[in-house]
Colleague: 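The structure under discussion is supplied below as structure tokens; questions concerning it will follow.
As the structure is a prediction and not an experimental result, all values here were calculated from the model.
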Amino acid sequence: KLNNVDPNINKISEEVFVDFIYNYFQESDVEFVIERRLPADFGYDEFVDLVEYYENKGYYIVASIVDYLSMMKKHHNGSNGGLNYLIKDLYNKTRNYCSNKGITYFTGHQLNKNASMIKSGANGNYIYPIKAFHEGCLADCIDVARETDTLIFLDLQYNHVNIPFLLLR
């Protein structure tokens with residue numbers, strides 16, 4: 001147990017989890033801020049505005065997490081590029097902006113049908129399918145791998161008594 005919280009995530013209510021995160025950061029004199037935005041109304045420009053808003057209030061931002069950057073609003077900028085180009089451009093601009101400001105930047109990215117086939121065993125019989133995941137398993141835009149500093153695949157597995165554990169590659 002950590003701070004009297006059972007480590008079994010399946011037994012933790014959302015309220016207890018939020019309180020745990022809040023208290024953990026408060027003990028370190030770090031403020032953890034969550035902003036919820038609709039992807040259709042929130043793109044790169046709005047992200048920059050949000051960072052500047054907090055900086056102007058005196059915050060020093062050490063990290064930013066955007067849940068699925070590829071879902072954010074994209075700007076066409078007159079290019080004839082398709083979705084692949086628009087997502088790559090969004091990753092490139094956001095990554096470079098955060099890097100320039102010294103902000104560690106995290107985002108998730110959906111996997112495609114290749115990953116589903118690997119996981120289901122259709123592309124071979126893998127004990128740990130995550131070992132077979134590759135850039136070609138990224139949905140909508142495999143080029144995002146070129147725009148990131150690190151690419152980590154996560155896969156939820158279950159042991160022989162059906163207890164979940166997370167694998168990273």
Colleague: Give a yes-or-no answer on whether the side chains of Asp19 and Asn23 include a donor-acceptor pair shorter than 3.5 Å.
Modeller: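 Per modelled atom types, Asp19 and Asn23 side chains form no pair under 3.5 Å.
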
Colleague: Looking at Ser120 and Met117, what are the two nearest heavy atoms and their distance?
Modeller: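 That would be OG-O, 3.0 Å.
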
Colleague: Quick one: does Thr148's side chain get under 4.5 Å of Tyr105's, heavy atoms only?
Modeller: no

Colleague: Drop me the distance from Asp67's CG to Arg36's CZ, to the nearest 0.5 angstrom.
Modeller: 9.5 Å

Colleague: In terms of side-chain geometry, is the basic nitrogen of Lys74 or Asp89 positioned less than 4.0 Å from the acidic oxygen of its partner?
Modeller: no

Colleague: Taking all non-hydrogen atoms of both residues, which atom of Tyr91 and which atom of His109 are closest, and how far apart?
Modeller: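 Of all heavy-atom pairs spanning Tyr91 and His109, the closest is OH-ND1, 2.8 Å.
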
Colleague: Under 3.5 Å, is there a donor-acceptor pair linking the side chains of Tyr54 and Glu35?
Modeller: yes

Colleague: In Å and rounded to the nearest 0.5 Å, what is the CG to CG distance from Asp45 to Asp49?
Modeller: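 If we round to the nearest 0.5 Å, Asp45:CG and Asp49:CG are 6.5 Å apart.
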
Colleague: Using a 4.5 Å cut-off on heavy atoms from C-beta on, say whether the side chain of Leu167 contacts that of Leu154.
Modeller: no

Colleague: Would you say Tyr22 and Val30 are hydrophobically clustered, going by side-chain heavy atoms of ILVMFWY under 4.5 Å?
Modeller: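 Hydrophobic grouping puts Tyr22 apart from Val30.
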
Colleague: Would you say Ile34 and Ile21 are hydrophobically clustered, going by side-chain heavy atoms of ILVMFWY under 4.5 Å?
Modeller: yes

Colleague: Of the non-hydrogen atoms in Phe106 and Ala63, which two are nearest, and what is the gap between them?
Modeller: CE1-CB, 4.3 Å

Colleague: Return yes if some donor-acceptor pair links the side-chain N/O of Ser99 with the main-chain N/O of Arg95 below 3.5 Å, else return no.
Modeller: no

Colleague: Just wondering, more than 12 heavy atoms not from Met72 lying within 6.0 Å of its CE?
Modeller: yes

Colleague: If you take all heavy atoms of Tyr68 and Thr107, which pair is closest and at what distance?
Modeller: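 Shortest heavy-atom separation between Tyr68 and Thr107 comes out as N-OG1, 3.6 Å.
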
Colleague: Would you call Asp140 and Gln110 a side-chain contact if the rule is heavy atoms closer than 4.5 Å?
Modeller: no

Colleague: Distance-only, no hydrogens or angles: does the Asn100 side chain make a donor-acceptor pair with backbone N or O of Asn96 under 3.5 Å?
Modeller: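 No.
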
Colleague: Taking C-beta and beyond as the side chain, do Phe47 and Phe42 meet within less than 4.5 Å on heavy atoms?
Modeller: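 SC-SC contact between Phe47 and Phe42 confirmed.
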
Colleague: Taking C-beta and beyond as the side chain, do Ile118 and Cys137 meet within less than 4.5 Å on heavy atoms?
Modeller: yes

Colleague: Are Phe153 and Leu138 packed together at the side-chain level, in the sense that at least one heavy-atom pair is separated by less than 4.5 angstrom?
Modeller: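 In short, these two side chains touch, coming nearer than 4.5 Å.
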
Colleague: Check the hydrophobic clustering (I, L, V, M, F, W, Y; side-chain heavy atoms under 4.5 Å; chains of links allowed) and say if Ile65 and Val48 are grouped together.
Modeller: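 Different clusters: Ile65 never reaches Val48 through Ile, Leu, Val, Met, Phe, Trp or Tyr contacts under 4.5 Å.
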
Colleague: Could you report the tightest heavy-atom contact between Ile61 and Ile103, atom names first, then the distance?
Modeller: O-CG1, 3.7 Å

Colleague: Should Tyr44 and Ile87 be regarded as members of a common hydrophobic cluster, given that ILVMFWY residues are connected when their side-chain heavy atoms come within less than 4.5 Å of each other, either directly or indirectly?
Modeller: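 Looking at the clustering, Ile87 is in the same group as Tyr44.
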
Colleague: Working to the nearest 0.5 Å, report the span between CG of Leu50 and CD of Glu52.
Modeller: 10.0 Å

Colleague: If every non-hydrogen atom of Arg169 is compared with every non-hydrogen atom of Phe133, which pair is closest and at what distance?
Modeller: NH1-O, 2.6 Å

Colleague: In terms of hydrophobic clusters joined by side-chain contacts under 4.5 Å, are Val16 and Phe32 together?
Modeller: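 Yes; Phe32 is reachable from Val16 via cluster members.
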
Colleague: Should Arg37 and Glu46 count as an ion pair when the cut-off is N to O under 4.0 Å?
Modeller: no

Colleague: Is any side-chain heavy atom of Lys93 less than 4.5 Å from a side-chain heavy atom of Glu147?
Modeller: no

